[in-house]
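The figures here come from the full heavy-atom set of this structure, side chains too, leaving out hydrogens, waters and symmetry mates. First the proteins, then the strands, lettered A, B, ... as listed; each starts at 1.
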Amino acid sequence: MQTYRHRVADDIVEIRIPQTDQDLREFMSWAQRASLRGPIALDTETTGLDIFTDGYRLRTVQFGDRDTAWVIHWERGGRFREAALFVLRMARRFLIHNASFDWLVLDRHAGFPLEELAPKTTDTKIKSTLIDPRQPQEGGIGNGLKPLSAWYIDPTAVDTQADLTAVFRSLGMTKETGWAGIDLQHPTYNLYAGLDCIYTARLDPFLTEGLSHFGVREALVQYEHEIARMCAIMQRAGIVLDAEYIEVLRERLREEEAKYAFVAARYGVESVNSGKQVSEALLAMGEELTELTDGGALKVDKAVLLPLADLDRDWQRIGARTPNPLADAALRAKRAGSWATTYADTFLDTVDSNGRIHAGIHTLAARTGRMSITKPALQTLPSSDWMIRRAMLADEGHVMVSTDFTAVEMRVLAGLADVKRMKQAIANGDDLHDFTAGLVYGEGFTKRHRKLCKGIGFGKVYGGGLTTIQRQTGAPVDEVRSALGAYDRVYPEIKRASVRWQREARANGMVAISATGRRLPLDRDRTYAVINYRVQSTARDVLGQAMMNMEAAGLLDVLKLPIHDEVLASVPAREAADYAREFERCMTMDLFGVRIDAAAEIGGRSWGSLYGADY
DNA sequence: GTAATCACG
DNA sequence: ACGTACGTGATTACT
């Protein structure tokens, strides 16, 4: 048995690395005793983060408690694997920091099903995020193992990942190649592999104490584990990529980028992505630039360039002026280039050998509890044009179905703030913005009036004021001012709720508590954001509830992505209508007397078909 | 690393 | 006292 010792807090802990069958028997008997005492901490070391690419390897599986960690060399095969699988099967509870990663690794590379491990898991990252969801940059501790260990356990806790990167370099490897290349017997590698497990084991009691101290309900913790499991299953399934299509599209976008970059070069702009170069060239052409960025530079973003190119927000000619050829070229080159890089390249870089993309679904990414999707960021594909979404396909024989909540944030606001007339309108089945325009302008309201009321509604959800609502809607400032006043008179409950919520948060250490018991830390200088935080986080929980309903209805296997107020699914083509009805049913519920409902759209094979593509 | 930009809900 | 648009992920230029 190879053994290392290390100091954690005031204790000496032991990291044991079995080498022989006898060592492995000792490990298994430890595990049986430990499992009777409580949960076993679990972690893995692998060759990287891209679980689904070819050649990916699981290297070690670590098990531990607060004093002892065992590093099992999975890579050595045979008895090592048997021992690890024995404990995975035998133990009743596991503690994992950021469980979805290890669930997927063990599912894919150890043949240990996510469906078996997830129900036995407590995720310490979920627990810490429910105590404080903020990133370190936002004033939180952060929810990584290292900052949490340093905060709760031992200020001198090792940053094992960063330290190992240094070890890799000293061995002539990089951060990328080191995880695959380091010798399985390397002392620091094994020590740190084990330490992470011990940190996780020691973290959990502090987190349990923290959750109880803040009164976070056990039901919320449990529910977040269910959501994490569902999303890991979606990630495992992945989405089919139309590789041929995206390769052709990438070429086309690159050609377009080159064509317009060439035009821009005629005006002295070498790189269209350089704001400095573009602004200087535009000034030299006699254009006036007035808007400034936060940093005080001349602003040359899309909103500035489109009018100079005589284009409206949909890139259609306005006919108000002679288009500035540089503004036009810069817009087109930037868009083509960034779409090629951000979408086409990433799709082709992340696709697995079965032609599927397994984007990472982070179930508690935002401060409000909202989810995010990365690598690629499938929640942010262009929706004004179908060309990018066209690359994502439903499974063989399936079609895409997308089901959206209807005006969910306004409805949530109506429910949370108990906005009487809004609730009445929703109950009557009225269109909310029509209804508001009617109240503000009388029955003879116009489309413009409705648009303004819609803009004000959004402004309220975001906590916006006169200036921003004016800027967003583009309506004359006097008109916005009077409409805003009328809006507040018609729905007085919103302002009152905001004041009450800010007061409650202040009395609670600047933390608002959502309807589901979620902790929502406010920034001291923007407490008005409490409206948005409560609305956004409640809408997230409405989506979460809908997802639970979907699993209960047997729909988990067809789910593809959660997109804030929408769920994308790939369903058998022949039964699409039945599925669509089921999705709508799962997304229909009552929230404080407000009906939340949803509308499904049945598309074709590609996601783009829901945005105008013909396939 | 920060600023600016742009994609989404 | 008053008023404040919210939340993400990703890329590129530049210091």
Side-chain angles (χ1 to χ4, degrees), chain A residues 133-135 137-138 269-279 291-306 330-331 333-343 345-346 349-350 359-362 364-385 388-389 402 404-405 407-410 412-413 455-473 480 484 495 498-499 502 520 522-537 539-540 543 561-568 611:
Chain A
R134 291 173 301 174
Q135 314 286 331
Q137 311 93 290
E138 301 175 307
V269 173
E270 271 177 55
S271 170
V272 290
N273 288 312
S274 166
K276 192 163 165 275
Q277 288 179 31
V278 172
S279 61
E291 284 194 74
L292 298 178
T293 67
D294 289 340
L298 285 173
K299 206 168 194 172
V300 280
D301 64 5
K302 212 168 77 168
V304 171
L305 295 180
L306 280 172
L331 280 164
K334 275 205 286 189
R335 184 157 93 157
S338 95
W339 286 20
T341 305
T342 309
Y343 307 119
D345 287 348
T346 320
D349 286 348
T350 54
I361 306 178
H362 309 278
L364 286 172
R367 192 193 288 213
T368 53
R370 260 196 177 186
M371 303 183 210
S372 76
I373 300 183
T374 60
K375 291 179 193 174
L378 296 183
Q379 285 172 328
T380 63
L381 306 190
S383 59
S384 61
D385 191 306
I388 300 295
R389 291 184 197 238
S402 163
D404 285 44
F405 285 118
V408 68
E409 292 204 322
M410 289 303 292
V412 166
L413 177 61
I456 293 176
F458 271 100
K460 289 289 164 195
V461 169
Y462 294 140
L466 176 63
T467 325
T468 42
I469 293 174
Q470 196 274 320
R471 197 167 41 235
Q472 285 300 316
T473 57
V480 178
L484 203 49
K495 176 78 185 161
S498 176
V499 171
Q502 290 180 63
L520 304 168
L522 301 188
D523 295 333
R524 214 158 272 287
D525 52 345
R526 24 196 302 278
T527 55
Y528 63 89
V530 73
I531 295 188
N532 183 258
Y533 285 13
R534 292 192 90 110
V535 169
Q536 198 180 96
S537 77
R540 148 60 161 84
L543 178 71
L561 297 172
I563 315 178
H564 309 309
D565 68 343
E566 170 195 354
V567 168
L568 182 72
Y611 296 80

| query | Would a 4.5 Å heavy-atom cut-off, applied to side chains only, mark A:Val567 and A:Leu561 as touching? | reply | no

| query | Separation of A:Asp404 atom CG from B:dG9 atom P, in whole Å? | reply | 9 Å

| query | For B:dC6, what is the paired nucleotide under Watson-Crick or G-U wobble rules, both distances under 3.5 Å? | reply | C:dG9

| query | At under 4.0 Å between heavy atoms, what does A:Lys460 touch on the DNA or RNA strands: base, sugar-phosphate, or nothing? | reply | nothing

| message | Base of C:dA5, side chain of A:Gln472 - is there a donor-acceptor contact under 3.5 Å? | response | yes

| said: Taking any heavy-atom pair under 4.0 Å as a contact, classify A:Arg367: base, sugar-phosphate, or nothing. | reply: sugar-phosphate

| said: If I take atom CD1 in residue A:Ile531 and atom P in nucleotide C:dT4, what distance separates them, rounded to the nearest angstrom? | reply: 12 Å

| message | Without decimals, in angstroms, what is the distance between A:Ile373 CD1 and C:dG7 P? | response | 19 Å

| query | Quick one: does A:Ser498's side chain have a donor or acceptor within less than 3.5 Å of a partner on A:Val530's backbone? | reply | no

| request: Please work out if A:Thr467 contacts a base, only the sugar-phosphate, or nothing of the nucleic acid, heavy-atom cut-off 4.0 Å. | output: sugar-phosphate

| Nearest to side-chain heavy atoms of A:Thr342, which nucleotide of C:dT11, B:dC6, B:dC8 | C:dT11

| task | Just call it for A:Gln536: base, sugar-phosphate, or nothing, with non-hydrogen atoms closer than 4.0 Å on any strand. | result | base

| task | Take the protein atom CG of A:Asp525 and the nucleotide atom C1' of C:dT4, then report the distance between them rounded to whole Å. | result | 9 Å

| query | Reckon A:Thr341 touches a base, only the sugar-phosphate, or nothing at all at heavy-atom distances under 4.0 Å? | reply | sugar-phosphate

| task | Please confirm whether the backbone N or O of A:Arg526 pairs with a side-chain atom of A:Asp523, one donor and one acceptor, at under 3.5 Å? | result | no

| query | Do the non-hydrogen side-chain atoms of A:Trp339 and A:Ile388 ever get within less than 4.5 Å of each other? | reply | yes

| Could you give the CG-to-C1' distance, from A:Asp349 to C:dA10, as a whole number of Å? | 13 Å

| query | Is a side-chain N or O of A:Gln472 found less than 3.5 angstrom from the main chain of A:Ile469, in a donor-acceptor match? | reply | no

| Once you round it to whole Å, what is the distance between C1' of B:dG9 and OH of A:Tyr533? | 16 Å

| Using atom P of each nucleotide, how far apart are B:dG9 and C:dA5 to the nearest Å? | 22 Å

| message | Rounded to whole Å, how long is the line connecting atom NE2 of A:His362 with atom P of B:dC8? | response | 20 Å

| message | What is the distance, to the nearest angstrom, from the CD atom on A:Gln137 to the P atom on B:dG1? | response | 11 Å

| message | What contact category does A:Val461 fall into here, base, sugar-phosphate, or nothing, at under 4.0 angstrom with non-hydrogen atoms? | response | nothing

| query | Which part of the nucleic acid, if any, lies within reach of A:Tyr343 when heavy atoms closer than 4.0 Å are counted: base, sugar-phosphate only, or nothing? | reply | sugar-phosphate

